[in-house]
Amino acid sequence: MKQEIEEQQDFVKDITKMSDDFDRWYTDVVRKAEMADWSGVKGMMVVRPYGWAMWEAITRAFDDMIKDSGHENWAFPLLIPKELLVKEAEHIEGFGPEVAWVTRAGAGMEELEEPLAVRPTSETIVGHLIRRYIQSHRDLPKLTNQWNSVVRWEMRSRLFLRSREFWWQEGHTFHASAQEAMDEVELILGYYRSIAEDWLAVPVLAGKKSPAETFAGAVHTLTLEGLMRDGLALQMGTSHYFGQNFARAYDISFSNKDNEKELCYSTSWGISTRLVGALVMAHGDDSGLVVPPRVAPTQVVVVPIYRDAESRDKVESFISGWTRELKAAGIRYKVDWRDERPGDKYAHWELKGVPLRLNVGPRDADAGQVEMVDRLSRQKVSVPVTGIARRLNDELDAFQQKLFERAVAFQTDNTFELSTLDEVAAHFKERGGFVWVQWSGDAECEERVKAEAGGATIRTIDSTAKPSGKCFVCGKPAKFRVALAKAY
């Protein structure tokens with residue numbers, strides 16, 4: 001992946017072809033479609049309304065899911081005392097290189113008595129504070145979540161995918177038993193899978209991370225891995241089981257039913273604005289975005305076509321007669337009355353990936369119909385305005401399904417089964433995609449993959465399949481079936 005030089009990057013005039021330079025294509029689309037831009041503060045982005053609206057759609061969907069299962073939103077502090085952050089040794093070792101510190105404050109830039117970390121994640125501060133609210137088994141489970149931004153001092157930046165500040169939700173839950181906590185981790189991964197597949201139309205692999213890829217401080221991590229159109233994988237959500245690790249470090253305990261003191265079992269889990277980037281890379285084309293209707297800020301755009309005041313009045317009167325029906329049906333639509341040529345408007349909304357476009361001229365008004373254009377197929381169909389809301393809702397549902405099926409076909413065409421490390425190394429020299437192999441589980445084998453397979457790593461362990469045959473690296477009996485990929 002190429003490093004972007006933000007300061008030297010002017011606003012794009014044209015979109016680079018995906019096949020010429022996928023990295024540049026991605027940045028061109030994100031910026032020209034008015035989703036996000038660089039802020040002028042190195043490594044930090046500004047998310048513009050069009051991109052933020054997609055994130056809002058994701059947040060609303062997920063927030064409804066977790067509230068239905070008893071989770072509550074909290075707000076925890078942005079700044080974390082160094083003393084708290086370093087208590088869980090493995091955790092801070094994992095995040096240490098990315099932590100930003102506040103050491104001075106006030107007009108006189110007085111040095112603080114203790115450095116404060118700008119949260120890279122909130123396990124430590126949540127653990128410290130939540131113990132106030134847990135005394136008995138009756139207080140459990142404690143199911144918390146917060147919507148916020150975090151800061152990680154990344155050296156490489158990429159809009160939505162990797163920036164020093166990004167937005168996410170982070171759930172932190174506390175339980176009386178290990179099984180209940182592990183069930184929680186599975187529950188949340190299921191929610192994340194629904195967001196990825198049902199809302200973003202991105203098929204994913206779900207499974208467990210290898211020990212080397214497990215979240216710092218966790219017993220195990222569950223993950224979702226999507227495949228982008230350049231053949232690289234993208235981690236689209238993780239859910240972590242901590243056992244009693246954090247409870248032990250922060251003394252998060254409760255009195256059990258036998259009135260004995262016991263440490264809680266905890267979890268954490270998160271999805272971020274990286275999902276907006278996934279949407280771009282999983283579905284876009286050389287013309288720009290293709291946005292799944294369920295998260296599209298504008299699902300239907302209406303483009304009026306007229307030559308003079310008289311024809312404009314006719315078209316405007318016709319459009320106003322049926323757009324109220326769209327609003328009542330919950331369709332997110334926009335009528336584009338800008339003083340631009342129709343062709344420029346078509347290009348504008350195609351770049352933004354709006355699923356359906358309705359072209360409406362005087363002849364359409366006379367005929368009581370509109371010309372509907374599908375962003376995926378670009379086919380033009382005449383549609384009567386009688387019952388148009390129902391027709392458009394059906395078309396949007398079909399669009400969502402077709403987009404998912406196209407992504408599934410792409411994933412299938414780019415998924416392979418290989419047997420040896422030599423085959424894997426040769427594969428990743430030529431192409432990307434997911435490669436399934438049999439693995440012994442030995443850390444030494446995993447290190448060899450990282451060193452010899454062109455940057456490919458173990459993305460997920462298939463928990464549903466029984467291993468068979470020999471490890472693709474060392475030849476020992478296999479213990480796991482795993483998916484390899486190069487990843488963002």
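As the structure is a computational prediction, the values presented were derived from the model and not from experiment.
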Taking salt bridge (Lys or Arg N to Asp or Glu O under 4.0 Å) as the definition, give me every residue that meets it alongside [X], ordered by chain and number, with sequence neighbours left out.
| X | result |
| --- | --- |
| E213 | K450 |
| E56 | none |
| D344 | R341 |
| K352 | E34 |

TODO: Could you tell me whether K380 and D374 make a salt bridge, using a distance below 4.0 angstrom between a side-chain N and a carboxylate O?
DONE: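 Judged by the 4.0 Å cut-off on N to carboxylate O distance, K380 and D374 do not form a salt bridge.
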Under 3.5 Å: donor-acceptor pair, side chain of [X], backbone of [Y]:
| X | Y | result |
| --- | --- | --- |
| N359 | V303 | no |
| R406 | L376 | no |
| Q438 | S468 | yes |
| R391 | G387 | no |
| S39 | M44 | yes |
| S317 | D313 | no |
| T27 | R24 | no |
| S311 | D308 | yes |
| T298 | V300 | no |
| S377 | Q379 | yes |

Which heavy-atom pair separates [X] from [Y] by the least distance, and what is that distance?
| X | Y | result |
| --- | --- | --- |
| I195 | M65 | CD1-CE, 3.8 Å |
| R162 | Y488 | NH2-C, 3.8 Å |
| S287 | R375 | CB-NH2, 3.7 Å |
| A201 | H283 | O-CE1, 3.0 Å |
| S149 | E165 | OG-OE2, 2.9 Å |
| W168 | W55 | CA-CZ2, 3.8 Å |

Qualifying residues under side-chain hydrogen bond (donor to acceptor under 3.5 Å, both in side chains), relative to [X], sequence neighbours excluded:
| X | value |
| --- | --- |
| R363 | none |
| D68 | none |
| W349 | D336 |
| H172 | E170 |

Task: Listed once per pair and sorted, the ring pair (Phe, Tyr, Trp, His ring centres under 6.0 Å) pairs that draw on residues 374-414, sequence neighbours left out - done: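 The answer is none; no pair qualifies.
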Cut-off 3.5 Å, side chains only: do [X] and [Y] have a donor facing an acceptor?
| X | Y | result |
| --- | --- | --- |
| R119 | T121 | no |
| T238 | Y192 | no |
| D21 | T16 | no |
| S210 | E446 | yes |
| T59 | Q169 | no |
| Q401 | D397 | no |
| T460 | T223 | no |

Answer yes or no: is there a side-chain heavy-atom contact under 4.5 Å between [X] and [Y]?
| X | Y | answer |
| --- | --- | --- |
| E371 | L358 | no |
| L222 | S463 | no |
| F416 | W436 | no |
| V41 | R164 | no |
| K209 | E225 | yes |
| D366 | F318 | no |
| V360 | W322 | yes |
| F174 | F242 | no |

Spacing of [X] atom [atom1] and [Y] atom [atom2] [to the nearest 0.5 Å]:
| X | Y | atom1 | atom2 | answer |
| --- | --- | --- | --- | --- |
| L205 | R459 | CG | CZ | 10.5 Å |
| R332 | L396 | CZ | CG | 9.0 Å |
| L200 | L279 | CG | CG | 6.0 Å |
| M228 | Y26 | CE | OH | 10.0 Å |
| L159 | D37 | CG | CG | 7.0 Å |
| I130 | S266 | CD1 | OG | 11.0 Å |

TODO: Taking ring pair (Phe, Tyr, Trp, His ring centres under 6.0 Å) as the test, write out the residues that go with W199, two or more places apart.
DONE: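 For W199, no residue satisfies ring pair (Phe, Tyr, Trp, His ring centres under 6.0 Å) once neighbours in sequence are set aside.
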- [ ] Using the test ring pair (Phe, Tyr, Trp, His ring centres under 6.0 Å), find all partners of F428 that sit at least two apart in sequence or belong to another chain.
- [x]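 Per chain and number, F428 pairs via ring pair (Phe, Tyr, Trp, His ring centres under 6.0 Å) with no residue.
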If you draw a 6.0 Å radius around [atom1] in [X], do more than 12 non-hydrogen atoms from other residues or ligands fall strictly inside?
| X | atom1 | result |
| --- | --- | --- |
| K486 | NZ | yes |
| R390 | CZ | no |
| K402 | NZ | yes |

Task: Set of residues satisfying side-chain contact (heavy atoms from CB on, under 4.5 Å) with respect to D198, sequence neighbours excluded - done: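 side-chain contact (heavy atoms from CB on, under 4.5 Å) list for D198, sorted by chain: S194, R294.
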- [ ] Carefully, step by step, assess K67 and D63 under the rule salt bridge (charged side-chain N to carboxylate O under 4.0 Å, His left out).
- [x] CA-CA 6 Å; K67 284 178 178 173; D63 204 54; 2.8 Å; yes
Open item on the list: Going by salt bridge (charged side-chain N to carboxylate O under 4.0 Å, His left out), D285 matches just one of R378, R229, K17. Which one?
Closed with: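 Among R378, R229, K17, the one meeting salt bridge (charged side-chain N to carboxylate O under 4.0 Å, His left out) with D285 is R378.
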TODO: Anything under 30° is parallel, anything over 60° is perpendicular, the rest tilted; go ahead and classify F62 against W269.
DONE: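 Geometry flag for W269 against F62: perpendicular rings.
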TODO: Indicate, with yes or no, if the rings of W167 and F160 have centres closer together than 6.0 Å.
DONE: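 When the ring centroids of W167 and F160 are compared, they turn out to be at least 6.0 Å apart.
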Open item on the list: Taking the six-membered ring of Y346 as reference, does the cationic atom of R357 (NZ for Lys, CZ for Arg) lie under 6.0 Å from its centre and within 45° of its axis?
Closed with: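 Yes, cation above the ring, under 6.0 Å and within 45°.
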